[in-house]
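For reference, the structure is listed below as structure tokens.
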Amino acid sequence: MAASAKRRRGWRKRLGALARFTGALVIVGGLYSVFSPSLYAQEAEDNAIDSEVVKGQELYDTSCISCHGDDGEGIEGRGPSLIGVGSAAVEFQVNTGRMPMAAQGAQAPDSDYPVFTEEEAAWLGAYIEYLGGGATVPDDLEALVENANVGEGGDLYRVNCGSCHGYAGGGGALSSGAHAPALTGVSDEEIYQAMLTGPQNMPVFADNELTPEQKADIIAYVQYIVNDDRDPGGVFTLGRYGPSTEGLAIFLVGMTALLLTTLWIAGKS
């Protein structure tokens, strides 16, 4: 009897251990099923980023390396270093057709026929950002522009942008053969990228100078005035040369008309 009871206790211990082991497996499996989708999603995202970087490097090695050097370190007299410029600068230059640059000059001209597609520009941007980080466009730019203050954007534009791009976004000449381009037909992303990175003669408006919200205000104003053709000057704007030019023209025309009217009245009397 004692031996039989001892065997039963041994079986109960084994069954208890098996039950505890099975319970532990169930708990581990449950936790894995909860967290594994996010792990797989993160892994898939990392693989997608790595894929963009690889594709960007292939494009860089065939189209950019001769001027910007190995690993984007730059070549004196040909092209500057791209370390730290970020994807925003790369995508702006490539998507506007300024890069690859056909020839050295005072300023890289934009083109309606860029060499690379927007997807390829994003690959190049991913590769350059991988090399040294840098400025990027916020993911919620569209929402920022939709909620922007056009009036505040007008004030900011006149203080920071109007002296070069003109009060109505028509562009203007700068020194040493450079120019500030017209803002007609530019996208929200291009304006933001230009403000953030300061291409060529343009100053850099980092987030500590103009917040993302203020940049969005300026974008909303440019789109409202320039690309939506909302002209505050009315129908007769003299080509949007500016309020001073239009005011001078009105003064000269008005004074001439008044003088002729006065002479006509005097002649009749």
Side-chain angles (χ1 to χ4, degrees), residues 46 49-138 141 160-161 163-166 171-183 185-210 212 215 218:
D46 292 342
I49 293 174
D50 291 341
S51 174
E52 290 186 352
V53 170
V54 170
K55 292 176 181 177
Q57 184 177 11
E58 291 174 355
L59 290 173
Y60 180 90
D61 289 342
T62 57
S63 302
C64 314
I65 194 171
S66 60
C67 290
H68 295 287
D70 294 332
D71 298 326
E73 295 177 352
I75 297 177
E76 186 176 356
R78 291 189 184 181
S81 170
L82 300 179
I83 303 301
V85 303
S87 61
V90 174
E91 291 183 37
F92 173 83
Q93 296 287 352
V94 174
N95 282 328
T96 58
R98 289 176 166 85
M99 293 291 163
M101 196 173 180
Q104 295 290 338
Q107 183 168 327
D110 59 350
S111 172
D112 294 330
Y113 305 99
V115 175
F116 299 107
T117 66
E118 291 186 4
E119 185 179 29
E120 290 171 332
W123 295 343
L124 284 168
Y127 174 62
I128 297 304
E129 188 173 343
Y130 168 79
L131 291 178
T136 59
V137 175
L141 177 60
N160 297 285
C161 318
S163 59
C164 293
H165 290 284
L174 301 175
S175 61
S176 303
H179 69 279
L183 301 178
V186 295
S187 66
D188 296 349
E189 290 78 10
E190 288 175 12
I191 300 174
Y192 196 100
Q193 290 163 351
M195 286 189 287
L196 191 62
T197 62
Q200 298 175 256
N201 291 281
M202 184 171 173
V204 176
F205 295 101
D207 289 345
N208 60 345
E209 297 182 25
L210 290 175
K215 292 186 182 72
I218 293 176

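Values in this document were obtained by computation on a predicted structure and should not be read as measured data.
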Side chain proximity check, [X] to [Y], heavy atoms < 4.5 angstrom:
X	Y	value
Pro100	Val115	yes
Thr136	Glu129	yes
Ser81	His68	no
Thr117	Glu120	yes
Pro138	Tyr192	yes
Glu189	Phe92	no
Arg98	Pro109	no

Indicate the atoms forming the closest heavy-atom contact of [X] with [Y], along with that distance.
X	Y	answer
Ala178	Asn201	CB-ND2, 3.0 Å
Cys164	Ala180	O-CB, 3.3 Å
Leu196	Ala88	CD2-CB, 4.2 Å

Side chain to side chain contact (heavy atoms under 4.5 Å, CB included), that's the test. Do Met202 and Met195 meet it? Break it down for me.
CA-CA 8 Å; Met202 184 171 173; Met195 286 189 287; 3.9 Å; yes

Inspect the surroundings of CD in Glu118 and state if more than 12 heavy atoms from other residues, nucleotides or ligands are less than 6.0 Å away.
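For Glu118, atom CD is not crowded (no more than 12 foreign heavy atoms under 6.0 Å).
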
Heavy-atom neighbours of Phe116 CZ exceed 12 at 6.0 Å
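Counting neighbours around CZ of Phe116, more than 12 heavy atoms of other residues, nucleotides or ligands fall under 6.0 Å, so yes.
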
Is there a donor-acceptor contact under 3.5 Å from the side chain of [X] to the main chain of [Y]?
X	Y	result
His165	Pro181	yes
Thr62	Leu59	yes
Ser87	Ile128	no
Glu190	Thr96	no
Arg78	Ser66	yes
Tyr60	Gly72	yes
Lys215	Phe205	yes

Please report the C-alpha distance between Val85 and Thr197 in whole Å, then the side-chain angles of each, then the deciding distance to 0.1 Å, and finally whether the side chain to side chain contact (heavy atoms under 4.5 Å, CB included) criterion is met.
CA-CA 8 Å; Val85 303; Thr197 62; over 6 Å; no

Dump the intermediate steps for side chain to side chain contact (heavy atoms under 4.5 Å, CB included) on Leu131 and Leu82, then the final yes or no.
CA-CA 8 Å; Leu131 291 178; Leu82 300 179; over 6 Å; no

